[in-house]
2 protein chains.
Amino acid sequence: MSLTEARQSPDTRERILDAAEALFVEHGFEATSMRLITGRAGVNLAAINYHFGSKEALIQDVFRRRLTWLNEERLRALEKFEKEAKGAPLKAHQIVEAFFGVSLRMAADTVHGGHTFMRLLGRTYTEPSAFVRQFLADEYAAVVPRFKQALFRALPDVPPEEILWRFHFMLGAMSYAIAGTDALQLVSGCELDEKDPGALARRLMPFLLGGLRAPLPEQAAKPKEKRPRRAA
Amino acid sequence: MSLTEARQSPDTRERILDAAEALFVEHGFEATSMRLITGRAGVNLAAINYHFGSKEALIQDVFRRRLTWLNEERLRALEKFEKEAKGAPLKAHQIVEAFFGVSLRMAADTVHGGHTFMRLLGRTYTEPSAFVRQFLADEYAAVVPRFKQALFRALPDVPPEEILWRFHFMLGAMSYAIAGTDALQLVSGCELDEKDPGALARRLMPFLLGGLRAPLPEQAAKPKEKRPRRAA
DNA sequence: GCTCGTTTCAAACGGTCGTTTGAATGATAC
DNA sequence: GTATCATTCAAACGACCGTTTGAAACGAGC
């Protein structure tokens, strides 16, 4: 244990993380008790406090395990496009692809837990708990400014404030599409096609780009412009 | 009390509903204890069980108080357009206006609690709790099919399945824009302009319509069509 | 005055929560 | 073998949960 780098208790930690991730999606943070988690994971109740320290720390580790990689992947995708562009502004669809495409690909992974995690993540954007919000803000601190700046360059005619709003709208559309998959299907009255997870990306990306490039609102932006125009 | 139709205990019920509504937005359902609610409302702990029966029933009444009216208002707006159209299909922007415009107007009301409620509602779409989901499904049962059918008629060239997805995306974009107002602004790094609640509607409506009318995804729909086309 | 139904109140109920404890267990090094 | 360390375990801790209770307070009708 001291000499080898391999984790001791090879399963326990991961089993707890897997069980917690799934249960958080099913019931939310508050309604998921540690006894429920350890019960599903098949480990002792005290194992959570032993391996993670507290329930809050467990929640953060559930996110960290996948979110760090996700955000790195988003940056890698963005930088690949930037390298290809050789200093020229990116296309809007490339930026959207780098941010949301990576997310949607993770959400399409139903075998390694990516789908479960993305549902949890989408739900957590509206999570009221203060420490979760702070944690998410820290995790996104490195990636959001990069994408903001890329969008500002890609859409020089659109007021930056408007771009931020639309980025916000896009995030909401995607999060709901992933997280609310069973909540709103009750409203829609059918299951749509959940079998093919890749279908979501094919359907969502055009919607996002259509919204991002929609005509500007009339009263917003500089008043010198009278008629709405295409944003990009 | 038995003769007059006026409610007894004129404040207590409403004070509890107001306090609960605000606290549910701040902390979520599970994390909001009845002692917290009654404490803020300035009433006795037992008042909730006396007036509502249980915490679950209180949650439902918090929604019913405003949601019933909201959905009726949505239907009224839709029927007004339908009357004007005299049997012709509505325009997509009218349907979007009837559904989302009414919601956004309620969300712009910061003095009578409409804003608070819409934040709560948006958050609750992703609420995992089973009874809340069932309750929402019941409340929306009368209104969703009407809007679905109106959209199908308005966009005859778009596959119905695609319309449902985009309706779902629009709902997500709006809910996040309202509910996540402080959650994601931390990510965005600024407060945007929260002073003017009407600004949200002016910014969101073009985005929604842009998404709804975006070109269709390539592989979706009937395969006889090769190139993507405008949806409306 | 008294009565009766509604509403409020302080106190307690059993249960579950997250966390801690101290002893058992297991594997490695000597 | 013994010593040492990380890990697991059953049991308990105090705190808080939603709910119930029975008495007190209130107000309208007579």
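Quick note on labels: first sequence line is chain A, next is B, and so on, each numbered from 1. These numbers were taken from a predicted model, which means no experiment stands behind them.
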On the nucleotide dT8(C), are OP1 or OP2 found under 4.0 Å from the side-chain N or O atoms that H51(B) carries?
yes
In whole angstroms, how far is the P atom of dG18(C) from the CZ atom of F52(A)?
15 Å
Sequence neighbours left out, what passes ring pair (Phe, Tyr, Trp, His ring centres under 6.0 Å) with F135(B)? Give chain and number order.
none
Per-nucleotide protein contact string for nucleotides 10-23 of chain D, where B marks a base within reach and S marks sugar-phosphate only (heavy atoms under 4.0 Å, - for neither)
B-B----BBBBB--
I want to check one thing: is the phosphate of dT8(C), taken as OP1 and OP2, less than 4.0 Å away from some side-chain N or O of T12(B)?
yes
Between atom OG1 of T12(B) and atom CD1 of I48(B), what is the distance when rounded to the nearest 0.5 Å?
11.5 Å
What pairs with R64(B) under side chain to side chain donor-acceptor pair (under 3.5 Å), at least two apart in sequence or on another chain?
D61(B)
For E21(B), the salt bridge (charged side-chain N to carboxylate O under 4.0 Å, His left out) test, sequence neighbours excluded, returns R65(B), R66(B)
F147(B): which residues meet the ring pair (Phe, Tyr, Trp, His ring centres under 6.0 Å) condition with it, sequence neighbours left out?
F99(B)
Who pairs with R146(B) by side-chain contact (heavy atoms from CB on, under 4.5 Å), at least two apart in sequence or on another chain?
L75(B), L78(B), E79(B), E82(B)
Atom CG of D11(A) and atom P of dT7(D): how far apart are they, to the nearest Å?
12 Å
